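What follows is a short report on a single structure.
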Amino acid sequence: MNTLMDLEHLDAKVRHSDLVKEIRTHDGAYYQDDAPKISDAHYDKLRKELEKLEEKYPDLITKDSPTQSVGAPASKGFQKVKHVVPMLSLSNVFSEEDVTDFHERIRRFLGLSESDEVELVAEPKIDGLSCSLRYEDRKLVLAATRGDGAEGENITQNVKTIKDIPQTLPDDAPDILEVRGEIYMSSKDFEALNKAQEEAGKPVFANPRNAAAGSVRQLDVNVTRQRPIKFFGYALGEVSESFADTHFEVREKLKSWAIPETSFKLCSSLADIMAHYEEILEGRAALDYDIDGVVYKVNRLDYQERLGFISRSPRWATAHKFPAERAVTVLKEIDIQVGRTGALTPVARLEPVTVGGVVVSNATLHNADEIERKDIRVGDTVVIQRAGDVIPQVVEVLKDKRKGNPPSFDFPGHCPACGSLAIREDDDVILRCTGGLICPAQAVERLKHFVSRLAFDIDGLGAKIVEQFYEEGLIKSPADIFKLKDLNKTLQPPIREREGWGDLSENNLFESINTRRNIQLNRFIYALGIRQVGEATAKRLAATYGSLSALNEAMKAAQNRESEAFQELLNIEDIGPAVADDLLGFFAEEHNQQVLADLEALLEIQTYEAAQSVDSPVSGKTLVFTGTLTTVGRQEAKAKAESLGAKVAGSVSKKTDYVIAGEDAGSKLKKAKDLGVEVLSEEQWSALINS
DNA sequence: CAGCCTCGAGTTCT
DNA sequence: CTCGAGGCTG
């Protein structure tokens, strides 16, 4: 027993010294230039492993261990912070027409007439990184990054080094106040920093945004302290008491509390807005910081509340982006990628070029038609831009730079992975591999989807690892993931002895797989990767059927198109004939039934909890709106009903509980009467929900 | 039946 | 983030 302990300890000691060395090396690259040679995730993993090791064997902790360095709190990587009020992203518009649409949509949603003006506040959109500052009792207590919007990272220590952020607020500020804003670096500071980097023989940053991001994500506070980062505040998160009726007033309050701010202007008409956009665009060059557009926000906060959100962005705000930066480069090759559903997507391999601050070497070409339309050929000189400043796309080919007459791209008629015929399904633009279950590329993509963030979200089982394990035959179908631990016992060599693996990382992998044996039904359905069934549809299916077995039974029954079960399926919002076809096709497939049975035996699938446990007169009821509503817009009425726990359907059936009839209601009202469904007037409806 | 809107699928880079 | 398609509205 003693010798066993000794051996383990020796192992730990060796691993410890390896880790210390490796982390030290990466720190060099990471700390100074934010140009690490490994991903943040990998780095964090190393540090975590080191910590765990030191926890178990405290005698291994040495003074020079990276866990003991200054700023040690950050050595845990950054702690996760849940946002009480989610940090959202903004929708984008690019033209005057889009702005008009945005403005119109708001008016329609609110049910306003032509003469009612909707005031907007326009402010420059800073190109930095979003940050939330939390003040409790007027003291700065927490700073967090946006992260995925729901959960960010605690960067309080680093943010406290930013001089222009007040540590305390005046007495008239509320007890709890979250200020949302942007951390950035001024152009002057950026240049000075790069000059210093260069003189010190260190690599330079590509742009101010990267420099700011790199500075904030420093694990060592002392490095951050020396970086000239700044902050602008422009919005609120959680607030203990409201202190304004409009966004404009919010901005003025923030200003009075010495929160650094950018310009903001109240615009009362579309003409005003466009004029202000031009003004900001023209003044852009004179600013000491980068901006990439103008943000418009509905001024009245009560309107904002009524407007609410579409998926991850508010309906009451949008970003009017400046025209995208372009660059010229050479297209070296066109590769074909195979997606989860068999879609063959051409990808342009480019001579790397910097566009808008990042180096781009790939760009999607979407489909064969796109290549033909733009007449893109291998070897061409092309203009690239980053659509919405993110996804690179080929804008056009510079034909006069074309040498000779290279052949047009010949789109393959077969899948490059499995050789199966590729076809266009009824005039679809996309060619699909017909290999289905036998295509290895599709199988891998399906597995990647299965473990992806919105599905099983298995830590430590990323795309690369899935590919590797699939190739080695360790994971061929989803159920294999949960059998991996047993398989590993007889595996030669076991995972921990492979390149890049160790005892700890192996343990961590099995641990994260194990925790995901317990999964919500909606995630499970999404993970199956059924065509046309994404996050939203999966949720609806989960909410409708409640359990996997109920879903499966219903799908089996619905195979008969005359059945009640089929009707019930079509009654689910957003499920029409096409989606139903794909769903039924999936459940009819024997192989899929096997997959379901295997998984069911290995997993604990939780029934779907409806998001709202609201107790209202309409919770659980199915409603149909018809006719023109006079007091509120249709979307708003629907959103309101849903927030009260009602299901809003598109057509009247005998499952409908109420039909709310506005002015000029037509066929749906008639059908409701025919079926004996209760009909409410708009007044009765608002009385009901306000009761 | 046409236009509007939401959802899904695919993609890039950090 | 964008594009296309399916579903819904009018």
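The sequence lines fix the lettering, A, B, ..., with proteins before strands; numbering per chain opens at 1. Keep in mind that this is a model prediction, so the values were computed, not measured.
A salt bridge between A/E445 and A/K448 is present, with a side-chain N of the basic residue lying under 4.0 Å from a carboxylate O of the acidic one.
Of the candidate nucleotides B/dC7, B/dT11, C/dG7, B/dT11 has the atom nearest to the side chain of A/T364. Among the nucleotides B/dG10, B/dT6, B/dC7, the one closest to the side chain of A/R315 is B/dT6. Distances from the side chain of A/T341 to the nucleotides B/dC7, B/dA9, B/dT11 place B/dA9 closest. Distances were taken from every side-chain heavy atom of A/S361 (C-beta onward) to each of B/dC13, B/dT6, B/dT12; the shortest belongs to B/dC13. In the set C/dG6, B/dT6, B/dT12, C/dG6 carries the atom at the smallest distance from any side-chain atom of A/Q532. The side chain of A/Q337 approaches B/dT11 more closely than any other nucleotide in the set B/dT6, B/dG8, B/dT11. Among the nucleotides B/dC13, C/dG6, C/dC3, the one closest to any side-chain atom of A/V360 is B/dC13. Side chain of A/A343, nearest nucleotide from B/dG8, B/dC7, B/dG10: B/dG10. For A/H366, the side-chain atoms get nearest to C/dC3 when compared with the rest of C/dG7, C/dC3, B/dC7. In this structure, the nucleotide among B/dC7, B/dA9, B/dT12 sitting nearest to the side chain of A/P392 is B/dT12.
Checked by atom type and distance alone, the side chain of A/N592 pairs as donor or acceptor with a backbone atom of A/F586 at under 3.5 Å.
Using a 4.0 Å heavy-atom distance criterion, A/L570 is classed as making no nucleic acid contact.
A/F190 pairs by the ring-ring contact (aromatic ring centres under 6.0 Å, His included) definition with nothing, not counting sequence neighbours.
Rounded to whole Å, atom P of B/dG8 lies 8 Å from atom CZ of A/R540. Computed from coordinates, the A/Q393 CD to B/dC13 P distance equals 13 Å when rounded to whole Å. Here the C1' atom of nucleotide C/dC8 and the CG atom of A/N571 are 14 Å apart, to the nearest Å. When the P atom of C/dC1 is taken as reference, atom NZ of A/K321 falls 6 Å away, rounded to whole Å. The interatomic distance linking A/I575 (CD1) with B/dG8 (P) rounds to 9 Å, in whole Å. Distance A/L583 CG to B/dG8 P: 11 Å, rounded to the nearest Å. Taking atom CG of residue A/L90 and atom C1' of nucleotide C/dC1, one finds them 14 Å apart after rounding to whole Å. A/L431 has its CG atom 18 Å from the P atom of B/dA9, to the nearest Å.
Residue A/R340 places none of its side-chain N or O atoms closer than 4.0 Å to OP1 or OP2 of B/dG8. Neither OP1 nor OP2 of B/dT11 sits under 4.0 Å from any side-chain N or O of A/N362.
Aromatic pair A/Y526/A/F456: ring centres not closer than 6.0 Å.
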Can you give the donor-acceptor pairs under 3.5 Å from side chains of residues 339-353 of chain A to other protein atoms, not counting sequence neighbours?
from   : atom 1 : to     : atom 2 : distance (Å)
A/R340 : NH1    : A/G529 : O      : 3.0
A/T341 : OG1    : A/R432 : NH1    : 2.6
A/R349 : NE     : A/D335 : OD2    : 2.8
A/R349 : NH1    : A/N362 : OD1    : 2.8
A/R349 : NH2    : A/D335 : OD2    : 3.4

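Within the 4.5 Å cutoff, side-chain heavy atoms of A/Q393 are placed close to those of A/Q385.
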